[in-house]
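Note sheet for the following structure.
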Amino acid sequence: MVLKSVDHPSSFMTNFLRSCGGSAVIDGGLATELQRHGADLNDPLWSAKCLISSPHLIRRVHLDYLEAGANIIISSSYQATLQGFEAKGFSRKEGEALLEKSVKIACEARDIYNERATKGFWDVSGDGATPRQRPILVAASVGSYGAFLADGSEYSGRYGDNVSLETLKDFHRRRVQVLAASGADLIAFETIPNKLEAEAYAELLDEEGINIPAWFSFSCKDGASVSSGEPVKDCALVAGSCEQVIGVGINCTAPRYIHELIQSIQKVTDKPILIYPNSGETYDGRRKEWVQSSGVGDVDFVSYVRKWREAGASLVGGCCRTTPNTIRAISKALSNS
Ligand SMILES: C[S+](C)CC[C@H](N)C(=O)O
Ligand SMILES: N[C@@H](CCS)C(=O)O
Ligand SMILES: [Zn+2]
């Protein structure tokens, strides 16, 4: 599904959601699932390391999420940056090829899934005669500058006084251009921890004439604020005023804050709301490990999904430490709601 120049970005998501029956399933944690399968991500490149060491594993995890019912799979480019690859000795050209490879692997997984689905079973919910494939989009992940810092600062949003709007635009510019031309259906700006980075993305989309749509997804520290402490409403407004943005939401945030966050976002934008929380655990950026949060637990957040849908979220999935089982259960919950 490619956004044609005649399509308005907003109709892209409206049409997609309609083809999915009103709500769509986003995949679950990619990096943490790679780890569960044995990948060692203790590296400045985190999951992007697997683009070099184990692309077959990335393909397998994408396929597992498709088999679990995902309508959107997110590429392995979260922590894939040209600057990060250069620090490992890759040339600019090789870095660009690795970014392209992340999207290619996701597209291959989609092709394999579609081929198997066509051969294996027929969805006769249409006119009963033609096979109907489940709508599937490939989103190219863009993790924040904080992800590149590789110290967990996508959960603090503190980049220091030396990092300006222009710094962030320059940091992301070439990567966004490459991913926009990679064959992905959209760009998923993920785990955005502060307002400045949302502004940088909005300006980049405009200045670079990026011709595929995008979603903005924020990491939050409570029911009202993104990781930096700035109001989620202010950040959602930045996303809401950008024409290329076809969805606004929250990811890698504890499930217990999601309901309130949906309500806040809804007050400031009509764009579709997406949410893909993590397991509710906390990331220790120094040790690169997930630790149990103190306080309220988030056992089995799938039981909240129907409430989130009623509150206004139309795309639901999972982030770090969620698995294909989580996504299977979300898919079931959404199809019953
Ligand atoms: C979404 S966080 C868990 C990604 C990893 C982090 N940027 C790090 O490198 O430690
Ligand atoms: N899409 C990324 C997000 C990390 S917060 C992943 O699932 O690994
Ligand atoms: Zn996450």
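Atoms within each ligand, like the ligands themselves, are counted from 1 in listed order. Both backbone and side-chain heavy atoms feed into the values below; hydrogens, waters and symmetry mates do not.
Of all atoms in ligand 2, listed by their number and element, those nearer than 4.0 Å to a heavy atom of C252 are 5 (S). Under a 4.0 Å criterion applied to the non-hydrogen atoms of C319, ligand 2 contributes the atoms 3 (C), 4 (C), 5 (S). Heavy-atom contacts of A147 reach the following atoms of ligand 1: 7 (N) (cutoff under 4.0 Å). Every atom of ligand 2 is numbered from 1 in the order shown, and the set under 4.0 Å from a heavy atom of T191 is 5 (S). With ligand atoms numbered from 1 in the order given, ligand 1 contributes 1 (C), 4 (C) to contacts under 4.0 Å with heavy atoms of Y78. Taking every non-hydrogen atom of G29 and a distance limit under 4.0 Å, the qualifying atoms of ligand 2 come out as 7 (O). Close approach of ligand 2 to C320 is summarised as follows: ligand atoms under 4.0 Å from at least one heavy atom of the residue are 4 (C), 5 (S). For ligand 1 and Q79, the ligand atoms under 4.0 Å from any heavy atom of the residue are 4 (C), 5 (C), 6 (C), 7 (N), 8 (C), 9 (O).
Counting heavy atoms closer than 4.0 Å to ligand 2, residue A31 contributes atoms from both its backbone and its side chain. Residue contacts with ligand 2, taken as heavy atom pairs separated by less than 4.0 Å, involve E190 solely via side-chain atoms from C-beta onward. Neither the backbone nor the side chain of S219 has any atom closer than 4.0 Å to an atom of ligand 2 (non-hydrogen atoms only).
Between E190 and the choices S141, S217, S219, S77, the side-chain hydrogen bond (donor to acceptor under 3.5 Å, both in side chains) rule is met once, by S141.
Checked by atom type and distance alone, the side chain of Q83 pairs as donor or acceptor with a backbone atom of F171 at under 3.5 Å. Counting only distance, with no hydrogens or angles, the side chain of R110 and the backbone of I136 share a donor-acceptor pair below 3.5 Å. Although no hydrogens or angles enter the test, the distance criterion places a donor-acceptor pair under 3.5 Å between the side chain of S53 and the main chain of K49. At distances below 3.5 Å, not a single donor-acceptor pair connects side-chain atoms of E197 with backbone N or O atoms of S144.
With a 6.0 Å radius and a threshold of 12 heavy atoms from other residues, nucleotides or ligands, Q263 has its CD atom above the threshold. Other residues, nucleotides and ligands contribute at most 12 non-hydrogen atoms within 6.0 Å of the CG atom of D270.
Between S47 and ligand 2 there is no heavy-atom distance shorter than 4.0 Å. Between Y155 and ligand 1 there is a heavy-atom distance shorter than 4.0 Å.
Considering backbone and side-chain N/O atoms, W290 never comes within less than 3.5 Å of an N/O atom of ligand 1. At least one N or O atom of E154, backbone or side chain, sits closer than 3.5 Å to an N or O atom of ligand 1. The shortest N or O to N or O distance between L30 and ligand 2 is under 3.5 Å. Where the criterion is an N or O separation shorter than 3.5 Å, residue side chain and backbone included, K288 meets it with respect to ligand 1.
Of the angles at the Zn ion (ligand 3), the one spanning SG of C252 and SG of C320 is 100° when given to 10°.
When every heavy atom of I210 is checked against every heavy atom of Q244, the shortest pair comes out as O-NE2, 3.1 Å. Closest approach of G223 to L261, counting heavy atoms only: O-CD2, 3.3 Å.
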Problem set entry | Worked verdict on K104 versus E108 for salt bridge (Lys or Arg N to Asp or Glu O under 4.0 Å) | CA-CA 6 Å; K104 188 164 168 264; E108 279 167 9; 3.4 Å; yes
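Under the 4.5 Å side-chain heavy-atom criterion for grouping Ile, Leu, Val, Met, Phe, Trp and Tyr, V103 is not connected to Y78 through any hydrophobic cluster.
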